[in-house]
Amino acid sequence: MEFDKILFLDGATGTVLQQKGLKPGGKPEHLNIENPEMIQSVAKAYADAGSQIVCSNTFGANGLKLKDSPYRLEEIVAAAIENARAGAGPDVKIALDIGPLGELMEPMGSLTFEKAYELFAKIIQAGVKAGADLILFETMSDLLEVKAGVLAAKENSGLPVFASMSFEANGRTFTGCTIESMGMTLTGLGVDALGMNCSVGPDLLAPLVERLAKVTSLPIIAKPNAGMPDPMDGHYDMNPDLFLEAMKACVKAGASIIGGCCGTNPDYIEKLTTTFADYIPVRREEPTVSMVCSPLVPVLVDHVTPIGERINPTGKKRMQKALLEDDLDYLVTLALQQQEAGAKILDVNVGYPGVDEEKMLEKVVRKLQSICDLPLQLDSSNPKAIEKALRIYNGKPSVNSINAKQETMDTLLPVIKKYGAAVVGLTINEDGIPTTAKKRVELAQLMLENAKVHGIPARDLWIDPLCLTVSAQQDQAAKTLSAIRTITDTMGLNTVLGISNISFGLPWRRLVTQTFLIQAMSEGLRLPIINPNQQDIMDAIYAYEVLSSLDSGSKAYIERFQNRTEPASAKAGQAKQPNAQPIQAVQPDAQTVQAAAQTLQAVVQTLQATAQSLQTTAQTAALPGSQTGIPAETLHFTQTADQNAARTAGQNSAYPSDVNSAEIPNGFSHSSPANALSSGPHSLGTCPCCSTPSALQRAVIKGLDHEASKTAKELLENPNLTPLMLVEQELIPALDQTGQQYENGKLFLPQLLSAANAAQAVFEVLKDQMAKTGEASLSKGTIVLATVQGDVHDIGKNIVKTVLENYGFTVLDLGKDVAPERIVDTVKEHNIQLVGLSALMTTTLPAMEKTVRLLKALDHPPKIMVGGAVVTQAYADQIGADFYGKDASASAAYAKEVFS
Amino acid sequence: MKIAIHEALRYAGVPNAENSELTFEMQETARQMEKQLTPKTCWKVFDLIQVDALGNPVHKSLSDDPNQTKNSVCGFQLAGTDIVLSGRTARTMLAGCEKVVVAAGTLGLPFEKQLAAYSASNMKKALLYDACGSAAVESVMDELEEEIIQKAKGWYLTDRFSCGYGDLPLSFQKDFSDLLEMPKKIGVYTNASNMMMPTKSVSALIGLSKTRQPARVRGCSSCSFAEKCELKKKGNYCGI
């Protein structure tokens, strides 16, 4: 296909068909068979107006939308192509038009990538058979759906592929996908042209075309609506002349394949074809900046771009255990922590003996992408694992890594090219890591040549000149730095470097690591692989960006540091903050805890004091039509507040009266870490002489997660204290107490969850500890939780999950919209004794009933507890559930009973 | 959108927390949400045709056909479609209306993504965010109603009502989705159990009449949720 002139598409089909009598909500695809003349006349009108490409009337022709159709998909596609051809004549190319499948993809919906691929493949096979000239995806909103479509097109046809998505004026699709993410992902996948259609008029489209032009050199499609519709009469507000005027800006911004969408007709197209017939579009240069993305977050490597290294089991017992136990929630936590700490890309390595890496990497990528928005770097030495993960990755990832061995390059580079990823090239070959900078640069050169052979642009090859431990090979640090400089300056490639290794075996490692990072950035390193949770490492990047003019106006630096105060511990010369939160102000050390505790107390006091004595209730949920779902837990509290008396700040009556009792300042010394270490009488649990909760309990009750995990760590330094003791004597009593207060209306649900969160932080500490010592699990039993089939709300179920985990139960969370069969299979496979089911809407109660029925028919039926906004005790009894959980605490109490 | 903090707190299980830390946190949540999300709305107007039980048009004026009584009006057909709104709720809410607005609004999928992230890291934040979203989408619909009032000059609007209110079946959700092309226009999908995704989405009907509209019968008696409503059990009222 030639792109040296403007190429003219057609205008709206649906709009014209509706004018010709198609009912709103009717199926235009059926007209291909029922009224071929009508379809042909539309194609003819567009061809007469000068369209060079006319779309077949197949926008909604897919297996999902046509599932109740009297006609087969193949029949409809064949008739549609034939009608377009007959109407438009032999000189016009016919595009097989493919719209969204009409269901949401996982994880928001239930349509899987594989199923989407299959559905697209069927349309494409039919289109090829019917003689389509090209394939046009349009009005897409989910990047992963487009990816499934493009792969299906490329693997089932040799036809040119055009892909167009629908963007709002803010440059995002409904799913949040950005213009840039679309541009880099689809360019990487090898489409022939890409762009945008529908949604807005050409006036709002021009700035979007301009943005797209910055990330791709491919021809850009612009097929906007005729302005905005008036909801009163359905008419669009741009006439052909206004449309043409606004389209000029789109063409100027770089669009070279143009047409119209909703509200346009042949008159609009004729304006375009007569005006732009001889226009020569500007050829755009290939962008040179490296880029990767998730759908929501495009990352351009025009700054120092830190890659988080934490998702890697090497040397990390807790992570190893998580992988072996399929505990992906832990990996999600690592991802979110690194995102919060400022990582821009996350390296993901799940290779460990006993783990099926091919399955696991793909699974982890799906899981992480369902929650975390950062682009991922797929890190594996297993090419099959990489390929599987590349296929389902949503966006453009990077791959870690290839090396200069010919065999590795020959295996991986074609895959990298096919999926359009960026790739890290290690300067190592059969002979190992060269000891000179020159030789490493040569290997980089070799990898670049090979990449080019496969059609991979230079910007997508990132060179890792490798960092060796300085305590073992001291002269090598300078060699690495020198290689970075040469690769950056003479080859113009970006470099990647795992920094943390450098300091291995030395005391005060972080200083060496930080210094080396600064040296490497000065030589041109743009993609350091680091632990972003180490505050001083991230600090160094912010400072470097200021000093090298990459942080314009020092904006990012000021934002990070303006509220930073010098840590008191540093002043005292004992900086010890292993996991300090990078953005926040410092946490108080032992000397300042007391003052801080008083402040906190005052805060809590204010909070409590203002809770009025009243009997109010939370709206339970969702009027069905409005669907603004409120979890079942948000029910009723009777607040008999006596807290007004507690107003006088600095006095002892701080927290709800039954927690309180002279806990601060006197109570504090009872349970200070120093005392805990000496295993004194007040170190654990509630003090027997004055029933003062311990420091850990107070931290949990007040929901201070950092404080709680810090205290737990300190307590565990005592060798006589086991994690189990900590759970039994500290956590459970604290949780019981908050549960009681919630029950009595003295705490609200958000506060209860705050405490739960702090308890979870403590559990994390315990799990770390137990992974290190290899102790058996603390689990009190395994419970399956699920929101029933058809139900898409899961906050209530998630609240129950949190509370159950707090009490030491292992929860297999099957998520929302879960088929009864899947619940039954899980119960059988894991020999489950307790199942919790949640439903929010009346329409999904039958699914709950069915699930209960199937579970009760098992040879060893589990106990079943049910809950959710629409569930009542009476209903629970009626469907044969064993327990109705009115809220999370009640569910936890029942679980304790079942496993006692 | 202007999120009603009190409403949001109530949804989060905090009945009244003025000046408290939770109010502050909810305000923060609301600020973040207003910055982060771009709600989407769409609406269309349809002429209403009064039909009898067999779906045949009933003449508006009784004198046109002496054999017809008012009782024979069984429902309202949306002109140009096969959709007939029947039942007590539709008859009450749309009595005297010549047109009906079918409207929908949503906070969008990015809300769900953020909620999933909070659910994985901090349930308290998840709860506040979810509750804030419920209040937010209500405000989106209120603003949409304002927009409709502005555009529908010369028309009086009935109260807003939705599928699931009274005896208006939830199954219309799918029809409204098709009528408005919700997946294409605002990115809202309706599943087999008639639930919308994104979860913070609302569809609604508003009748248009040439004469001033009285407040219709509302409250628990017209709500299909009444039987199971936790508020009602305690003798309270959600206010809708």
Side-chain angles (χ1 to χ4, degrees), chain A residues 23-25 100 102-104 108-109 139 141 168 170 174-176 231-232 234 329 332-333 336 370-372 603 607 610-612 614 616-620 623-630 633-637 748-750 753-754 756-757 790-793 795 798-799 802 841 843-844 870 872, chain B residues 10-22 38 43-45 80-81 108-110 112 116-117 119-124 126-128 130 134 137 151 162-165 170 178-179 183-184 187 189 191-197 199-202 224-225 228-231 234 236 238 240:
Chain A
K23 276 184 187 174
E103 275 186 23
L104 266 180
M108 299 304 172
T139 327
S141 119
E168 297 289 291
N170 64 5
F174 294 138
T175 62
M232 286 303 286
D329 287 348
V332 168
T333 316
L336 293 173
S370 73
I371 293 172
C372 178
V603 170
L607 189 157
T610 47
Q612 298 300 313
L614 45 78
T616 313
T617 50
Q619 175 174 1
T620 47
L623 285 158
S626 69
Q627 213 183 285
T628 51
I630 310 302
E633 285 68 26
T634 58
L635 302 182
H636 327 272
F637 325 99
F748 300 126
L749 186 60
L753 291 174
S754 233
N757 203 48
D791 209 315
V792 293
H793 300 82
I795 187 150
N798 289 341
I799 290 172
T802 303
M841 303 280 277
T843 47
T844 55
V870 292
T872 58
Chain B
R10 202 161 55 82
Y11 292 146
V14 184
N16 189 333
E18 274 185 61
N19 302 322
S20 76
E21 178 119 337
L22 287 173
T38 325
W43 55 286
K44 263 187 190 170
V45 182
T81 75
L109 281 170
E112 306 296 326
S119 297
S121 59
N122 188 330
M123 268 322 289
K124 177 196 184 185
L127 173 71
L128 296 182
D130 185 81
S134 298
V137 73
K151 287 262 169 71
S162 294
C163 297
Y165 282 36
L170 264 180
D178 289 345
L179 281 183
K184 191 169 155 183
Y189 294 78
N191 76 6
S193 29
N194 294 310
M195 295 177 93
M196 288 180 281
M197 189 69 189
T199 54
K200 301 303 176 201
S201 303
V202 173
S224 64
F225 204 61
K228 300 190 168 96
C229 180
E230 293 290 340
L231 290 172
K234 295 262 174 176
N236 288 308
C238 70
I240 297 172

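Just so it is clear, the values below take in all heavy atoms, side chains as well, and ignore hydrogens, waters and symmetry mates. Within every chain, numbering begins at 1; the chains are lettered A, B, ... in the order of the sequence lines, protein sequences first and strands thereafter.
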Report task. Heavy-atom pairs under 4.5 Å with chain A are the metric here; pick the option from B:Ala192, B:Gly108, B:Gly80, B:Ala120 that has the most. Result -> B:Gly80
Query - chain B contact via A:Glu103 - side chain, backbone, both or neither, heavy atoms under 4.5 Å - result: backbone
Query - Heavy-atom contact with chain A under 4.5 Å, split by part of B:Asn122 - result: both
Requested in this report: Can you measure from CE (B:Met195) to CG (A:Asp791) and round to the nearest 0.5 angstrom?
Outcome: 3.5 Å
Query raised in the report: How many angstroms lie between OG1 in B:Thr38 and CZ in A:Phe174, if you round to the nearest 0.5 Å?
Result: 10.5 Å
Query - Interatomic distance, A:Thr175 atom OG1 to A:Leu104 atom CG [nearest 0.5 angstrom] - result: 9.0 Å
**Report entry** Largest heavy-atom contact set with chain B, pairs under 4.5 Å, which of A:Asn798, A:Thr333, A:Asn757
**Finding:** A:Asn757
**Report entry** Toward chain B, the part of A:Ser754 with a non-hydrogen atom under 4.5 Å
**Finding:** both
Report task. Mind listing the closest non-hydrogen atom pair of A:Ile795 and B:Ala126 along with its distance? Result -> CD1-O, 3.4 Å
Query raised in the report: Short question: side chain of B:Thr199, backbone of A:His793 - any donor-acceptor pair under 3.5 Å?
Result: no
